[in-house]
Amino acid sequence: MNRRDIIKAAAILPAAAAVRGATKVNSKAAKKSIKPMRLNAGDKVSVVTPSSGLAAEDFDKAVEHIRSLGFEPKVMPNARKVNGFLAGTDSERLSDLHAAFADKETKGVWCARGGYGATRLLPSIDFSIIKKNPKVFIGYSDITALHVSILRKTGLVTFHGPVGTSRYTDYTKGHCLNAIQTPSAPYKISISEDNAAKESDLFKTRTIRGGKARGKLVGGNLSLLASMAGTEFGLPDLRGKILFIEDVGERPYRVDRMLTQLLQSGNMKSLAGIALGVFEDCDPGENENSPSLFEVVNERLSGLGIPVVYGLSFGHITDQFTLPLGIEAELDADKFEMTFLETGVK
């Protein structure tokens, strides 16, 4: 069952200048940034499944992938469970998440996969446990719900990066470890050579509006950002931020709908810039009367008056770089580059 099918199934359940600087935000409203300690070779990391579950064989592979990075996986008690399109009940997944952060033995929390279900946990999360026990927290896709809410509620820098089931190519592994284990700043990231060589139009980098943008990074999967818009767990104040967005398997009209939701629910003109990843498998359907994915994002975002670029190497793709939410970064929409101006870990 793919992510689109999972989300459909879930519906049946209740549930400007060349460089734009960050605008000052009311200090009382802004959470102080918290950086976790960097991971070291041999460190134990908790493995959790806050969203969908995995077949036993796939879970074993996810654990081995994490071990291959040089860390020692500690599988949380309910992480292997499967409950329909979820991994365990809400209470079981929540218990594992709390226990993973509270565990003094582990130094990080690694999500085995995304899928669906993280948003169901948000009202019950004890964010004080996370704030008191800052750790490297990594994953993407449905894990966006946790990244954004943790940043908003605690100020903790978390990492939009590969899950346990990801393919750890040299590009993916290198950028992941450079973010969480051997960080440096400034740290410039260019697009993957393999991605640049792909023939699909969805992998082609394009400048929607040129220029450079500088600000704090926030963002994630478009479907999750749109579904959380207007809730207390959604995107924080966008003023002066660089928003990064990715998605997979969404028709252009759905992308249009979700971008429209973000445009109408937040002041996106106050952003410093927007970085779009690779929206793989987001072509129109066969014989469908539809603009292309790029035509949609160009029409929706080109009029904001800020630098916007499409096709950076992140998203549901094999070669992906890791983005620390909450750190200062610079986006060059003309050179297709992202530069981290500070590290995400101590």
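Below, all heavy atoms of this structure are taken into account, side chains as well, without hydrogens, waters or symmetry copies.
- Between His147 and Tyr140, the distance separating the two ring centers is not shorter than 6.0 angstrom.
- With hydrogens and angles disregarded, a donor-acceptor distance shorter than 3.5 Å links the side chain of Arg93 to the backbone of Gly117.
- One distance of note links OG of Ser46 with NZ of Lys107; it measures 11.0 Å at 0.5 Å rounding.
- Within a 6.0 Å radius of CG in Asp170, no more than 12 heavy atoms belonging to other residues, nucleotides or ligands are found.
- Asp332 places no side-chain N or O within donor-acceptor distance of the main-chain N or O of Glu337, the cut-off being under 3.5 Å.
- Going from atom CD1 of Ile242 over to atom CG of Leu323 covers 10.0 Å, rounded to the nearest 0.5 Å.
- Using a distance-only test at 3.5 Å, with no hydrogens or angles considered, no donor-acceptor pair links the side chain of Ser51 to the main chain of Ile143.
- The residues Lys153 and Glu232 are annotated as salt-bridged, a charged nitrogen and a carboxylate oxygen being separated by less than 4.0 angstrom.
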Could you go through the side-chain contact (heavy atoms from CB on, under 4.5 Å) check for His316 and Asn221 one step at a time?
CA-CA 9 Å; His316 286 69; Asn221 181 263; 3.7 Å; yes

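- Counting heavy atoms from C-beta outward, Phe336 and Val309 have side chains that approach closer than 4.5 Å.
- Cluster membership check: Val163 does not share its hydrophobic cluster with Ile66, using side-chain heavy-atom separations under 4.5 Å among Ile, Leu, Val, Met, Phe, Trp and Tyr.
- For the residue pair Tyr187/Asn178, the side-chain donor-acceptor check at 3.5 Å is satisfied.
- The hydrophobic cluster containing Ile327 does not contain Leu341, counting ILVMFWY residues as joined when their side-chain heavy atoms lie under 4.5 angstrom apart, directly or transitively.
- A salt bridge links Arg67 and Glu64; the closest N-O separation between the charged side-chain nitrogens and carboxylate oxygens is under 4.0 Å.
- The two atoms that bring Ala179 and Val345 nearest to each other are O-CG2, 3.8 Å, heavy atoms only.
- In summary, Asp60 and Arg80 engage in a salt bridge, as defined by a charged side-chain N under 4.0 Å from a carboxylate O.
- Between Trp110 and Phe71, the ring-plane angle classifies as tilted under the 30° and 60° cut-offs.
- Classification of the Phe137-Phe101 ring pair by plane angle, with boundaries at 30° and 60°, yields tilted.
- Across all non-hydrogen atoms, the minimal contact from Asn78 to Asp96 is N-OD2, 2.9 Å.
- Judged by distance alone, with hydrogens and angles left aside, the side-chain atoms of Glu328 form no donor-acceptor pair with the main-chain N or O of Glu342 at under 3.5 Å.
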